[in-house]
Asker: 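This is the structure I want to talk about, given as structure tokens.
Each chain gets a letter, A, B and so on, in the order its sequence line appears, and its residues count up from 1. Side chains included, hydrogens not; waters and symmetry mates left out as well; all remaining heavy atoms used.
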Amino acid sequence: MNYHFGRGWARWTPFLLLLPGLAAYFVIALGPSLATAVYSFTDASGLKGAPVRWVGFDNYQEFLFMGRASVDNLNALGRTLVFCFFVTVIQFGLGLFVAVIINQNLKGRNIFRTLYFMPVILGAVIQGLIWSLFLYPLGGPLARVLELFGTRSEFLGGQPVEAFAWVIVVQIWANMGTTMIIFLSGLQTISTDYYEAARIDGASPWQVFTNITWPLLTPSVNTNLTLNIIGSLQAWQLFLVLLGYRNGTQVLGYLIYATGFGQTSGSVTSSFRQGYAAAASIVLFLLVLVIGTVVQNVLRRREARILG
Amino acid sequence: MSAQTNPLRSAGKPIDWGQIGSYTVLIVLAVIYLGPLLMLVNTALKTTPSFMRDATGLAVEFSLQNFAEAWNKANFPKYLFNSILYTVSATTLYVVMAVFVAFPIARGYVKYAGFFLTLFVIALFLPPALIPQFQLMLNLGLYNNPVGYILLFVVNPIGIVILVNYIKTIPTELDEAAALDGCGYFRFVMSIVLPLIQPALATVIVLHAIGIWNEIIAPTIYLTSKDYYPITRGLIVFQGVYGSNWPLLAAAVLMLTFPMLVLFLFLQRYIVAGLTAGSVKG
């Protein structure tokens, strides 16, 4: 494009002013991100000045195939997939359902929309603490509800599977609003003419949904599925706040953090195995890459079939 | 949906079962969204003995003492100051750099503009930078250092993409006219482009600032000394000490939640704009 702000040396001004941002990005984000692969082949620790040696594929081998620890690792990997599956399916379904309902001409719809979207601003710490209180086992609100049914629960302090399930619930509570908002913006792009025509033809609400709304919502469906899947594969902040590093509940993201930086927050532990943690990061990255690519392919084909 | 007429209704208006169903769903969900918050408020207003006796009973005592106590014990002023310092300085640094990255890329004023943009988009799919980033900070002596902590947050690729997309909607004739009038590049960006891209800028600022404010992993990794803790980390520490004293903890949490929720009402549209701008390219 024609540049109007001078010639000769002055032509370099835009580039020179772009440099700080670009440099910061390279040094702080892009470089370290790529260097993760390099670190995964070393025995780097988190100690300043400690010698670092190449260890080839040892970290990967240990992570995947060595004894009890690798069983734990693979369990965490499986849990990551389970977490991703439930969060994606429920959040996607609920977000879509609520968006379709709110998109009707109802009184107070803005209030409901704002309410469901609100947790987005709170962040994992406040979300987690609020729910820890809500799930207070000794006569808290949900404990009371269970009492009505003659049963009780330790919630977050209960069996690992149960605690894990509650993290899924809080994760969905916190992020369903985002999915809903993206669907709502998609719904608003659908011309009302279609609905008008369907109404004249006497189509049932379900027919309207499957023949008009769902296919025309394809772009938002793609966005939401991609965001939900990738997001939930990498999310672990709520595990940190709600459960801490508890056996039987760890997901891959938390495991990477724990092996790289010591398991407990507060007091420093000795296990700063950062080369190993880098290898675990690459495993998670490959998981995201493979699932992301497959999903993208499926979604593209579907889009071509529907809209093409 | 059947449209039966109800003879008892004067105008013979049909009962809209669809609408009743819709409201039922919305209200049930509203309870799930409000319930935890109401519990928080109620608990914060109770005394500890009363909470132990009956956790869900209404806070008739209406005690405000928890707030004063939490404020003092939680070291709130210090942590809040740190959070504000990190959020404001990192966001300011980031936004200034981001505008000077996004503008020439959007206009094609630098060579390989398309390639640069791709570089930023790529970051969204690469492995987490966690480990090498830590090694970098450690070796630069920026570990447990507020400056190092701020530097972690002067990067945000999504913001660049949002800005580039928005700047593309601004007519290039403007550049020409300004240059003819003898306006330099730097002054043009600062005094003409900046005001014009305010909506996108607001979105980027809000998204970035919220991210820093709520960050919990980075402070856990990078800040070991209590003097540097942001409020998120401070809350976790407070929970560690007073975790069994829910009224006190609830008061602490509420003092941070309430301003965020008020802020949310004002910032909501910028967050929504950011989400939908990000999803358009999807």
Asker: What part of B:Thr232 lies closer than 4.5 angstrom to a heavy atom of chain A: side chain, backbone, both or neither?
Answerer: both
Asker: Based on non-hydrogen pairs under 4.5 Å, which of B:Gly35, B:Ala250, B:Gly57 is most in contact with chain A?
Answerer: B:Gly35
Asker: Checking heavy atoms, do the side chain of A:Ser132, its backbone, both or neither come under 4.5 Å from chain B?
Answerer: both
Asker: Output the option from A:Leu184, A:Asn224, A:Val27, A:Ile28 having the highest count of non-hydrogen pairs under 4.5 Å with chain B.
Answerer: A:Ile28
Asker: Shorter than 4.5 Å, heavy atoms on both sides: which option in B:Ala123, B:Gly21, B:Ala30 has the most such pairs with chain A?
Answerer: B:Ala30
Asker: Hey, does A:Tyr257 have a side-chain heavy atom less than 4.5 Å from the side chain of B:Ile221?
Answerer: yes
Asker: Please classify the contact of B:Leu180 with chain A as side chain, backbone, both or neither, using a heavy-atom distance under 4.5 Å.
Answerer: neither
Asker: Within a strict 4.5 Å, meaning less than it, do heavy atoms of the B:Met97 and A:Tyr25 side chains meet?
Answerer: no
Asker: Calculate, to the nearest 0.5 Å, the distance between atoms CD and OG1 belonging to B:Gln135 and A:Thr42 respectively.
Answerer: 7.5 Å
Asker: Between A:Ile111, A:Ile121, A:Ile101, which shows the greatest number of heavy-atom pairs under 4.5 Å with chain B?
Answerer: A:Ile121
Asker: Side chain from CB out, backbone as N, CA, C, O: work out which of these in B:Phe103 comes under 4.5 Å of a heavy atom of chain A, or both, or neither.
Answerer: neither
Asker: To the closest 0.5 Å, what do you measure between CG (B:Asp181) and NE2 (A:His4)?
Answerer: 13.0 Å
Asker: For chain B, find which of A:Leu286, A:Thr226, A:Thr178 contributes the most heavy-atom pairs closer than 4.5 angstrom.
Answerer: A:Thr178
Asker: What part of B:Leu130 lies closer than 4.5 angstrom to a heavy atom of chain A: side chain, backbone, both or neither?
Answerer: both
Asker: For chain A, find which of B:Glu215, B:Gln133, B:Lys111 contributes the most heavy-atom pairs closer than 4.5 angstrom.
Answerer: B:Gln133
Asker: Once the angle between the rings of A:Phe5 and B:Tyr109 is folded into 0 to 90°, is it parallel (under 30°), tilted (30 to 60°) or perpendicular (over 60°)?
Answerer: perpendicular
Asker: Could you tell me the separation between the CG atom of A:Leu129 and the CG atom of B:Leu40, rounded to the nearest 0.5 Å?
Answerer: 9.0 Å
Asker: By a 4.5 Å heavy-atom criterion (distance strictly below it), what part of B:Ile160 contacts chain A: side chain, backbone, both, or neither?
Answerer: neither
Asker: How about B:Phe134 and A:Phe261: are their ring centres within less than 6.0 Å of each other?
Answerer: yes
Asker: Calculate, to the nearest 0.5 Å, the distance between atoms CD and CE belonging to B:Gln268 and A:Met118 respectively.
Answerer: 10.5 Å
Asker: Per the side chain to side chain contact (heavy atoms under 4.5 Å, CB included) rule, which among A:Thr13, A:Leu18, A:Leu22, A:Leu17 passes with B:Phe100?
Answerer: A:Leu17
Asker: Is A:Trp236 close to B:Ile217 at the side-chain level, that is, under 4.5 Å between some pair of heavy atoms?
Answerer: yes
Asker: Checking B:Pro104 against chain A: side chain, backbone, both or neither under 4.5 Å from a heavy atom?
Answerer: side chain
Asker: If we ignore hydrogens and angles and just use 3.5 Å, is the side chain of A:Thr36 paired with the main-chain N or O of B:Pro128 as donor and acceptor?
Answerer: yes
Asker: Just give me the residue among A:Val288, A:Ile181, A:Leu106, A:Leu30 that pairs up with chain B most often, heavy atom to heavy atom, under 4.5 Å.
Answerer: A:Leu106
Asker: Applying side chain to side chain contact (heavy atoms under 4.5 Å, CB included) between A:Val125 and each of B:Ile216, B:Asn214, B:Ile231, report the one that passes.
Answerer: B:Ile216
Asker: Checking heavy atoms, do the side chain of B:Ile210, its backbone, both or neither come under 4.5 Å from chain A?
Answerer: side chain
Asker: Contact part of A:Trp173 toward chain B, heavy-atom cut-off under 4.5 Å: side chain, backbone, both or neither?
Answerer: both
Asker: Considering only heavy atoms, which portion of A:Leu47 lies under 4.5 Å from any heavy atom of chain B: side chain, backbone, both, or neither?
Answerer: backbone
Asker: Measuring heavy-atom distances to chain B, does A:Leu138 have an atom under 4.5 Å in its side chain, in its backbone, in both, or in neither?
Answerer: backbone
Asker: In Å, rounded to the nearest 0.5 Å, how long is the span from CZ of A:Phe97 to OG of B:Ser22?
Answerer: 7.5 Å
Asker: Classify the ring geometry of A:Tyr136 against B:Phe51: parallel below 30°, tilted from 30° to 60°, perpendicular beyond 60°.
Answerer: tilted
Asker: Pick whichever of A:Gly123, A:Gly21, A:Ser33 has the most heavy-atom pairs under 4.5 Å with chain B.
Answerer: A:Ser33
Asker: Do the ring planes of A:Tyr3 and B:Tyr185 sit parallel (below 30°), tilted (30 to 60°) or perpendicular (above 60°)?
Answerer: tilted
Asker: Measure A:Thr179 against the heavy atoms of chain B and call it side chain, backbone, both or neither at under 4.5 Å.
Answerer: neither
Asker: So how far is it from A:Met176 CE to B:Tyr33 OH, rounded to the nearest 0.5 Å?
Answerer: 3.5 Å
Asker: Chain A heavy atoms under 4.5 Å from B:Glu176: which part of the residue, side chain, backbone, both or neither?
Answerer: both
Asker: Please flag which part of B:Ala98 lies under 4.5 Å from any non-hydrogen atom of chain A: side chain, backbone, both or neither.
Answerer: neither
Asker: What residue in A:Phe26, A:Trp12, A:Trp206, A:Tyr39 has the most heavy-atom pairs under 4.5 Å with chain B?
Answerer: A:Tyr39
Asker: Sort A:Gln274 into side chain, backbone, both or neither according to what part of it lies under 4.5 angstrom from a heavy atom of chain B.
Answerer: both
Asker: Is it the side chain or the backbone of A:Phe15 that comes within 4.5 Å of chain B heavy atoms, both, or neither?
Answerer: both
